[in-house]
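Only one structure is covered here, and it is reproduced in the block below.
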Amino acid sequence: MNELQIAHVDYLDPQQGKDLVTLLNAYALDPLGGNTPLSSEVMQTLPSKLASVNGANSFIAYCNEQPVGLLNAFMGFSTFKAASLINIHDVYVAPEMRGKGVVDALFAAIENLANELGCCKITLEVLEENGAAQSAYNRLGYKGYDLGE
């Protein structure tokens, strides 16, 4: 595989904002993303709106300088642990790059950030019918919700 690079998105950087919207729109067009494109308003305003959200963090995977993967996450709070957490909201990998380590690299980036910020855990949700994503998340050590955690 060609070199994979992960960028922590600067929402005000025009190219990174464009790449984020392009990847998120590709996700929205995917059957597991709803088969519906983002509205033109969302495509035009999302990066600037994300820039104003405290605790918003996005990572883009680039292969040969082309955007091939996206992870959007937001800070939250665990009342049971009285500590910050990160919730992964979106994960998308371009079809031609699936199975090539992109998810692993994106998850390593968000896990590093969670450790830097002292988060007690990382949470995410996945559709029941998305078996490929469930397998990837299980392989990375993620599992169903358990109150004991």
Side-chain angles (χ1 to χ4, degrees), residues 3-95 97-98 100-128 130 132-134 136-146 149:
E3 187 174 340
L4 189 64
Q5 295 184 325
I6 303 298
H8 193 173
V9 174
D10 174 354
Y11 297 120
L12 300 179
D13 178 279
Q15 187 60 54
Q16 287 186 350
K18 179 182 173 191
D19 294 343
L20 182 146
V21 169
T22 297
L23 288 164
L24 191 63
N25 191 56
Y27 180 29
L29 289 167
D30 188 273
L32 291 170
N35 278 324
T36 304
L38 299 176
S39 72
S40 59
E41 179 185 347
V42 168
M43 292 182 76
Q44 291 172 3
T45 63
L46 182 62
S48 63
K49 286 186 176 182
L50 282 171
S52 70
V53 176
N54 286 334
N57 287 281
S58 298
F59 292 90
I60 295 176
Y62 291 93
C63 183
N64 295 332
E65 300 181 17
Q66 296 301 308
V68 297
L70 173 68
L71 185 151
N72 290 319
F74 299 90
M75 297 298 296
F77 190 80
S78 169
T79 53
F80 284 12
K81 298 280 185 175
S84 295
L85 61 81
I86 289 182
N87 178 261
I88 297 172
H89 191 71
D90 303 302
V91 179
Y92 174 76
V93 175
M97 293 299 293
R98 293 176 185 166
K100 296 184 179 179
V102 176
V103 166
D104 298 48
L106 288 168
F107 271 68
I110 196 67
E111 288 168 3
N112 286 338
L113 179 64
N115 286 332
E116 288 173 18
L117 297 175
C119 294
C120 66
K121 65 182 170 179
I122 298 172
T123 62
L124 60 86
E125 296 89 31
V126 61
L127 294 172
E128 277 188 47
N130 194 344
Q134 290 176 25
Y137 303 155
N138 287 333
R139 181 179 49 75
L140 291 168
Y142 291 80
K143 56 187 178 191
Y145 183 71
D146 181 356
E149 296 178 17

CA sep, side-chain torsions, deciding dist, call: Asp104, Arg98, salt bridge (Lys or Arg N to Asp or Glu O under 4.0 Å): CA-CA 11 Å; Asp104 298 48; Arg98 293 176 185 166; over 6 Å; no
Chi angles and distances behind the side-chain contact (heavy atoms from CB on, under 4.5 Å) call for Leu23, Asp90: CA-CA 10 Å; Leu23 288 164; Asp90 303 302; over 6 Å; no
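Among all heavy-atom pairs drawn from Ser78 and Leu85, the shortest one is N-CD2, 3.7 Å. Nearest heavy atom pair, residue Leu70 against residue Leu20, reads CD2-O, 3.9 Å. The minimum heavy-atom distance between Gly69 and Val102, with the atom names listed, is CA-CG1, 4.1 Å. Listed here is the closest heavy atom pair of Ala7 and Tyr62: CB-CE1, 3.9 Å.
Two residues are said to be in side-chain contact when any heavy atoms from C-beta on lie closer than 4.5 Å; Cys63 and Met97 meet this criterion. Taking the side chain as every heavy atom from C-beta outward, Cys119 and Met75 approach each other to under 4.5 Å. In this structure the side chain of Asn87 reaches within 4.5 angstrom of the side chain of Glu125, judged on heavy atoms. Considering only heavy atoms from C-beta on, Lys121 stays 4.5 Å or farther from Phe80 through its side chain. Between Asn112 and Phe107, every side-chain heavy-atom pair lies at or beyond the 4.5 Å cut-off. Under the 4.5 Å side-chain criterion, counting only non-hydrogen atoms from C-beta, Ile6 is in contact with Leu106. In this structure, Leu113 and Glu116 have side chains that are in contact, with non-hydrogen atoms separated by less than 4.5 Å. Looking only at side-chain heavy atoms (C-beta outward), Phe74 and Ile86 stay at 4.5 Å or farther from each other.
No hydrogens or angles considered: nothing links the side chains of Asn72 and Tyr92 as a donor-acceptor pair under 3.5 Å.
Of the inter-residue distances, the one linking Ile60 atom CD1 with Lys18 atom NZ reads 12.0 Å to the nearest 0.5 angstrom. Taken to the nearest 0.5 Å, the NE2 atom of His89 stands 8.5 Å off from the CG atom of Leu24. In this structure, CG on Leu117 lies 8.5 Å from CD1 on Ile110, to the nearest 0.5 angstrom. Distance check, rounded to the nearest 0.5 Å: CG of Asp10 to CG of Leu50 gives 12.0 Å. Separating the CD atom in Glu111 from the CG atom in Asn115 is a distance of 7.5 Å, to the nearest 0.5 Å.
Between the side chain of Asn25 and the backbone N or O of Val21 there is no donor-acceptor pair closer than 3.5 Å. Formation of a donor-acceptor pair under 3.5 Å by the Asn64 side chain with backbone atoms of Gln66 is not found in this model. Of the possible polar contacts, one joining the Tyr11 side chain to the Ser58 backbone as a donor-acceptor pair under 3.5 Å is found.
Relative ring orientation between His8 and Phe59 is described as parallel, the plane-to-plane angle staying below 30° on a 0-90° scale split at 30° and 60°.
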Got a list of side-chain donor-acceptor pairs under 3.5 Å for residues 35-46, not counting sequence neighbours?
from: Thr36; atom 1: OG1; to: Gly34; atom 2: O; distance (Å): 3.1
from: Ser39; atom 1: OG; to: Val42; atom 2: N; distance (Å): 3.1
from: Thr45; atom 1: OG1; to: Glu41; atom 2: O; distance (Å): 2.8

